[in-house]
Every structure is written in C-alpha cells, then in structure tokens.
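Report on the following structure.
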Amino acid sequence: MSDTKVLRLVKKIEGELPEQAFTGKAVAKAEPKPVLSPITKLTPPRKPRRAKRHKREHELPKLSPEEMLKIFRTMYLSRRLDDKEIQMKGQNRIFFQISGAGHEAILTAAGMCLRPGYDWFYPYYRDRALCLQLGMTPLEMLLESVGAEADPNSHGRQMPSHWGHSKLNIVSQSSPTGTQLLQAVGCAEATYRIKLIKELKRRVKSFHGDEVVYVSLGDGTTSEGEFWEALNTACNLRLPVVFLLEDNGYAISVPVEVQTAGGDASKLISGFPNLFRQRCDGTDPIESYAVMQRAVDNCRKNRGPSFVHAKVIRPYSHSLSDDEKLYRAEAERVSDAERDPIKRFGALLVQEGVANADELQSLKDEVDRQVNEAADAALASPQPAADTALDFIYSPKVDPTSGEFDTEDQVQLSGNPGTMVDLINRCLHTEMKRDPRIVVFGEDVADCSRENSINQVKGKGGVFKVTANLQREYGSQRVYNSPLAEANIVGRAIGLATRGLKPVVEIQFFDYIWPAFHQIRNELALMRWRSGNEFSSPVVIRVPVGGYLKGGAIYHSQSGVSLFTQIPGLRVVYPSNALDANGMLRTAIRCDDPVIFLEHKHLYRQAYNKSAYPGEDFMIPFGKAKTVREGTDLSIITYGALVQRSVVAAKEAEKQGISVEVIDLRSLNPYDWYAISASVKKTARAIVAHEDSVSWGYGAEIAARISTELFEYLDAPVQRVGALDTFVGYAPQLEDAILPQSANVLKAILELHSY
C-alpha cells in the first residue's frame, strides 16, 4: 500500500485528529499491545468509517483506572513543580525558570514506554514530566533549581531543567539548542558497533542489544543543521533512536511558520528512508501513549529510527525571562488554554468515573504537599563549596601529566627511521590492537567504503595517508568514513564515548573544524564538569593544521590554536617531530580526557624530524616541554613548525657569538611552566615564537606570564614572533611574507640580545 493510501486510511479512522502514521515499506507495522481494561479517548473522534486494513494498528491502548490515575499524577506533579519554581523565582530563592507546561501528556507517555537505567535519554529543557516518569524525584529537580551540591543533575553547576541522572541513563543536557541530537545518534551507534565487534560486548557496560535512545527537541530546533545531520546518520545506519518533536508552535517568540518552510517539519523529512514517522495530539496522554508504544517498539526490534511529531501547547512564556504577551494575541493564548492537558485529562477522569472530584482533589493535595516538602528540603540543602569550582575539569582518576605516562627516558628505538605520518599511523595500529574500544572515523579516513572493491584498490586512508590500512586490518566496523559534516563527527563521537567506546576521530583540515566548534566548546569539553563527574567523553580529535605548504592559501593554512587552548576541560597537544607525535598520541588515546591532537601538515614528511620506532608503550606526558637546544644568552619558547625555524635561527645567531636555548612546548594545554621558568631564569631574555598571528595569539599568554612572574629575572622585554595579523595568501611570495620565517626569528634574537 502506498504512503498516500495509508495516510487517507488513517484520516478516515481517526477523524479530525492529526495524521497518525505514514510509513514506507521499509518501516515495520506496529503490533497492538495487550488489552488491559476499557478507556475512553480524551476528545472522542467522529464515528469512523469501516476500514478493512490497518485498523488494529491504530487502535488506542486500553489502560486500567490505576494506570490512568498514575498518568494524571505525573502530569500534575510536573505542572506543580513548574509552578513552585515560578513562585520561588518570584521570591528570589532561585535564579532561573523554564517550564515544561503543556508538554506533560506526551512526555509522561514517553516515559511509560521506555526503561530507565536500560535505555538512554537525551532530553531537552521541557522534559520534566519524562524525567519524573523515569524516576527522578521532585526533590532532585528542586535541588537543581536552588543550585544545591546534592543535585544529581549537575551538582549545582547548571540551570534548572538541565536534566541529567547517571543511574537513570539521562545524559547531562546543556543549553545550546539541538546539540543533543548528534550525541544521541552516537549513543545509539554504540549499540550498533558493539553488536558488530565481538570483543566489545564484555568491555562496555550497560549493553543489552535492544536498548533504545530517546532524544527530544522543540519545533525551533528543526531549523538547526545538526537536526538534519542527526536524521541523516540515524536513517543511514538504521539506528534505534526515537526522535520526539514537541511542537508547541513557538521558538521563544518566533512562530513555526516563520521557522519552517511550510510550517511543518514532518513534511520536510518525508524523504528520509528507514524512518518510522507518526504524528499525535501531544496534549492527549492516551493517544500519545499509543504512538510512543509503536515508536519504541519499532526501535526495540532494530527496524530503524522513529520520529514522533507531537503537537503540544505552551501555556506559560518561554521562560521567566520572556513575556509572551508581547507577541502572542490574547485569543491565541485562550485557544491554547482550552487544550491544556491537565484540565482536559482531569475532566475526562471524572467524566469516565475513574475518580470523582473529591478523589481527584485529594490526589492534587497530596502532590502539593509533596512539592512543598521537597522545596523546603531543597532550600535547606547547601550549595557547593567555593573550593570545588576546579573539581572535575579533567579526570580525577587518570592524570596524563603524571609519571605513569612518562616512558621517554627508557625509550629503545628500533628499525628504520619513519616520518611523522609513519609513526602516527603505527601508533594507531598498535593502539587499536591493544584496545578494541577504539573506533576511527572521519572524512576519507577509510581505505575504501565499498568493501567489495577494497582488494582492487590501493586505498585512501586519509588525505595525508595517516590512517592507511587501518580499515584493512581492523575492519569497517571500527574504521569508517563519516558524512562531510564536522559537527556530525564530533557529536557522534561524544555519544560513543559516553557509552564507553574510545573514538579517535579526524577533522580533515583545521580550517574546517569550525562547524564542530559548538560541539567541542559547549559539549565535549564540558561534559564532565557540568555533570559533576557523572558523565565524561574522552574523545581524541586528530587535526592536520598549519601552513608553509605552497598553495595552501587561506583555507588550508590556518592555525588559531588559542581558540582551543583557552577552553577548560580540553587537552591540546602539538608535536613537532615523529617521535613526539607517536608518544603523545599514545598518551592522548590512553588518557581519560578529550584531546585536540594537532598535526602540522608541513611536518608530516620532513626528513629532519624522522625517528626510529620507540615501542608499543612509549608515552610522553602532557605538560612536559623538551629542550631541543641548550643555550645561555636567550630563550625561545616555541612549538610546531617554529621549532625547526628557531633552531635554524639559533645556529645563525651562534655564528655571531649568541647562545640561544630553544624550548619545544609540545603540549599547549597544559604547558610546562617549570621548563619555561627555569630557562628564562638562566638566560634572562625570552622570545615566544609561533605560527599564529602575533596579536591575540597563543604567545600572548606565555609572554604575559613571564613578564608578571619572572620580571625580576629579565634583562629585556619579552619579545614575540608570529604571523602578520592577516590571512595566508596563495602566492608563495605572499605566504612567505605573512608566516614567520627563520629570518624573522633571527632578527628578534639580534634585537633582544643587543637591548
């Protein structure tokens, strides 16, 4: 039967209700649930016409009176918690409020269909009723509202309604709109990968094989590119993700017809394959329950992702920082109020004899008492101590700056010297052999995505061949290509890491990392801190970086490392030679923090930085600099491509009787202040040299700290050498003038020495 015929049939069955389901042949037919006891629909539809096919698929579930009262209780409890927070905000006892009012029915239904602590959850800020249904308590919610340390959501670190609960598998939520979608896809992908990789089943906790990943969003979020990226991958891999679109018609003040072409996101996604799509009245808990049952069942049976478009209302303003009266007409607000799920469902319970008015009021009074008691307890709960502010920026258990990661002095080199590409590649091979949790993906990293051709071709293995032959050795389950979408790569990696895998991903060029910056800055680096160490995402992001490539021009020569080094929670390393690259990548993979691993493209195959192989346990700790040239008159603190240029300049300066010490930082966050300090105290003069622009570059921080903390040791001002404050040009002569050369470093040495 065609989609069009199914749609017509559904309309005949359901009367005036929104279209209930429209699926293609690739989508499984839903199976009806067991009948429990009679139930009447909230708003009875017109008498349906006779239909010979698919009628049972759309029958409403039949729930007992006890189940109906439990549904109402969760919905009412959710609303009363919103009201209590609004009251507390008005009393200046909490500092922010955003409600889930109007969304309670669909969310309670969703929670009934899913398994807390078994399935995985990526909610958004309206999902209070879902979290209650899964088992979060009113006290736990209000502890977050008051910023209490005992708050299991974030331990006082996030705003109210930013849900997270490790015992329930509710993954820490953030404020940015839609960033959770790709992480949810990555979380579901973990189940997909574990099934394919036998060694993982005993290495990854909480794997069941039929777990479902829930992710929700508002209608405004469908305008975000990451929404489409998430759907693309979920459908392409047929992942068990339930997407719940809670459409209340507004993104703050912007109505859906302004946000979305045609005013209906469901119509826009109709072309996605393998996607089970349904719509429902999200203010009706019974209809919502039926739809969510089918959606979850579809995913539970590994038939692909499900998408539920629930029409809900927003009876309160977007948040207490917003006043909807400024942009919503009174008639529109009154119309919404008539669909209030609390009022409608309460009236139905009385009408159907499930409870009389007195019994319903008694239930409400009990909930009100519970909410008030929880509020009193939350207000009495202490906030985090001031000295805990730095806790959990990084892993409290694994310290990559420690001696545990330092085998540099015991290294035994063997074999022929290899380039930086060779030793990075060999590190990836040996680490993947050691740890089956490691998966490698990105743009063009595989040898050949079409496996039936892999033995007929040489293989790609990355645009710089750094990942060559990884797919051949470890299979397409662990080494695979991603879509051309950088946020997709990092967002999925976060979800995979949350489940216990170890993604080592590649951003093809540093110049194109910016679509992923949102995921890196607001999600990856913050996951551990914002959850109070309840969740973490130890991802390694390999990034070819830098210029000095003839013809690289603007978009293949960028540096910009200071934009990453200033992000707490993120480790940033930048080796200048093959040996360091091998040891530092191994440390990055074995540590428990997210790492940006920068690989300078110009250094990939330089003969001067080759090294023999150091062994499979060779590691260099982060925050340990290396003195590549001893000196007494002047110190150069540098990294990356400027290391060799500084050495060349130092040799030229030596001809003029100037002894220059060159310090290779290797690790930029953390950096080795002890080595910097010791060198500057010895020489009394310092130059900070790097490939970034001079203004606002990484060297500014080092220079400022030297000037502040080592002022009494200095015999001259700290100098900086860097690129011009412009972009890298295509013409070789222009590039040479823009990027710092050995001649620029030598000039700074001579000027500083003669000061």
Side-chain angles (χ1 to χ4, degrees), residues 182 225-226 229 419-422 424-425 428 440-447 449 459-468 470 479-493 503-521 524 539-565 567 570 572-576 581 584-585 588 594-606 639-642 668 690-693 697-698 723 726-732 734-735 738-739:
L182 285 169
E226 293 187 19
E229 292 180 26
T419 64
M420 184 183 285
V421 166
D422 295 332
I424 291 175
N425 177 267
L428 290 170
V440 172
F441 63 98
E443 299 164 18
D444 298 297
V445 302
D447 294 306
S449 288
K460 183 72 176 176
V463 296
F464 297 102
K465 302 297 182 183
V466 180
T467 55
L470 288 177
V479 183
Y480 47 96
N481 287 327
S482 72
L484 202 160
E486 289 76 15
N488 179 287
I489 295 168
V490 177
R492 285 165 63 191
V504 181
V505 301
E506 178 181 302
I507 299 295
Q508 196 168 84
F509 290 95
F510 182 91
D511 316 71
Y512 306 140
I513 200 170
W514 311 116
F517 193 78
H518 204 5
Q519 287 287 346
I520 294 169
R521 172 62 179 84
L524 179 66
V539 174
V540 178
I541 305 176
R542 294 182 38 257
V543 193
V545 66
Y548 300 107
L549 296 172
K550 300 305 181 187
I554 303 168
Y555 297 110
H556 291 81
S557 306
Q558 296 177 22
S559 292
V561 298
S562 59
L563 291 169
F564 295 90
T565 54
I567 300 174
L570 200 62
V572 183
V573 295
Y574 202 150
S576 66
M584 300 188 83
L585 179 58
V595 180
I596 300 287
F597 191 84
L598 299 168
E599 305 166 4
H600 200 290
K601 303 187 294 290
H602 178 69
L603 302 181
Y604 267 152
R605 291 180 170 84
Q606 294 295 330
Y639 60 88
L642 263 293
L668 305 185
H690 57 63
E691 191 175 338
D692 277 347
S693 299
Y698 180 80
T726 186
F727 310 100
V728 179
Y730 172 74
L734 190 58
E735 180 190 71
I738 291 167
L739 294 177

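Numbers here are sequence positions counted from 1. The structure displayed is predicted, hence computed values, not measured ones.
- Using cut-offs of 30° and 60° on the angle between ring planes, the pair His556 and Phe509 is perpendicular.
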### Query
Can Leu585 and Val540 be said to form a side chain to side chain contact (heavy atoms under 4.5 Å, CB included), step by step?
CA-CA 9 Å; Leu585 179 58; Val540 178; 4.3 Å; yes
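- Across every non-hydrogen atom of Met584 and Pro575, the tightest pair is SD-CB, 4.3 Å.
- In this structure, Thr467 and Glu506 approach most closely via the heavy-atom pair CG2-OE1, 4.1 Å.
- Taken to the nearest 0.5 Å, the CG atom of Asn425 stands 13.5 Å off from the CE atom of Met420.
- Contact between Ala487 and Pro515 at its shortest, heavy atoms only, is CB-O, 3.4 Å.
- Judged by distance alone, the side chain of Tyr639 and the main-chain N or O of Leu668 form no donor-acceptor pair under 3.5 Å.
- Between atom CG of residue Leu524 and atom CG of residue Leu570 there is a gap of 6.0 Å, rounded to the nearest 0.5 Å.
- The shortest distance between side-chain heavy atoms of Pro483 and Arg492 falls below 4.5 Å.
- Summarising the geometry of Leu549 relative to His602, their closest heavy-atom pair is CD2-CA, 4.0 Å, with the distance given to 0.1 Å.
- In this structure, the separation between CH2 on Trp514 and CD1 on Ile520 is 8.5 Å, given to the nearest 0.5 Å.
- In this structure, the separation between CD on Gln519 and CD1 on Ile513 is 12.0 Å, given to the nearest 0.5 Å.
- A 4.5 Å side-chain heavy-atom check between His690 and Tyr574 finds every atom pair outside the cut-off.
- For the pair Gly546 and Ser559, the tightest heavy-atom approach, listed with the atom from each and the gap, is CA-OG, 4.2 Å.
- One finds the CD atom of Glu735 at 5.0 Å from the NZ atom of Lys550 (value rounded to the nearest 0.5 Å).
- Here the CG atom belonging to Leu598 is positioned 11.5 Å from the CD1 atom belonging to Ile507, to the nearest 0.5 angstrom.
- Every ring-ring contact (aromatic ring centres under 6.0 Å, His included) that Phe441 has, sequence neighbours left out, goes to Tyr480.
- Between Phe564 and Phe510, the ring centre distance stays below 6.0 Å.
- Every residue was checked against the ring-ring contact (aromatic ring centres under 6.0 Å, His included) condition with His518, not counting sequence neighbours, and none meets it.
- Under the salt bridge (charged side-chain N to carboxylate O under 4.0 Å, His left out) criterion, Glu486 pairs with no residue, sequence neighbours left out.
- Here the closest heavy-atom approach between residue Leu470 and residue Asp447 is recorded as N-OD2, 3.7 Å.
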#### Entry: Test log, rule side chain to side chain contact (heavy atoms under 4.5 Å, CB included), inputs Val445 and Asn481
CA-CA 6 Å; Val445 302; Asn481 287 327; 3.9 Å; yes
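- Between the side chain of Lys460 and the backbone N or O of Ala446 there is no donor-acceptor pair closer than 3.5 Å.
- With contacts defined as side-chain heavy-atom distances shorter than 4.5 Å, the pair Glu691/Tyr548 qualifies.
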#### Entry: From CA spacing to verdict: side chain to side chain contact (heavy atoms under 4.5 Å, CB included), Ile424, Tyr604
CA-CA 9 Å; Ile424 291 175; Tyr604 267 152; 4.3 Å; yes
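- Taking the six-membered ring wherever Trp is involved, the centroid distance between the rings of Phe727 and Tyr555 does not fall below 6.0 Å.
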### Message
Under the criterion side chain to side chain contact (heavy atoms under 4.5 Å, CB included), I'd like the reasoning laid out for Ile489 against Glu443: C-alpha separation, chi angles, the key distance, then a yes or no.
### Response
CA-CA 9 Å; Ile489 295 168; Glu443 299 164 18; 4.0 Å; yes
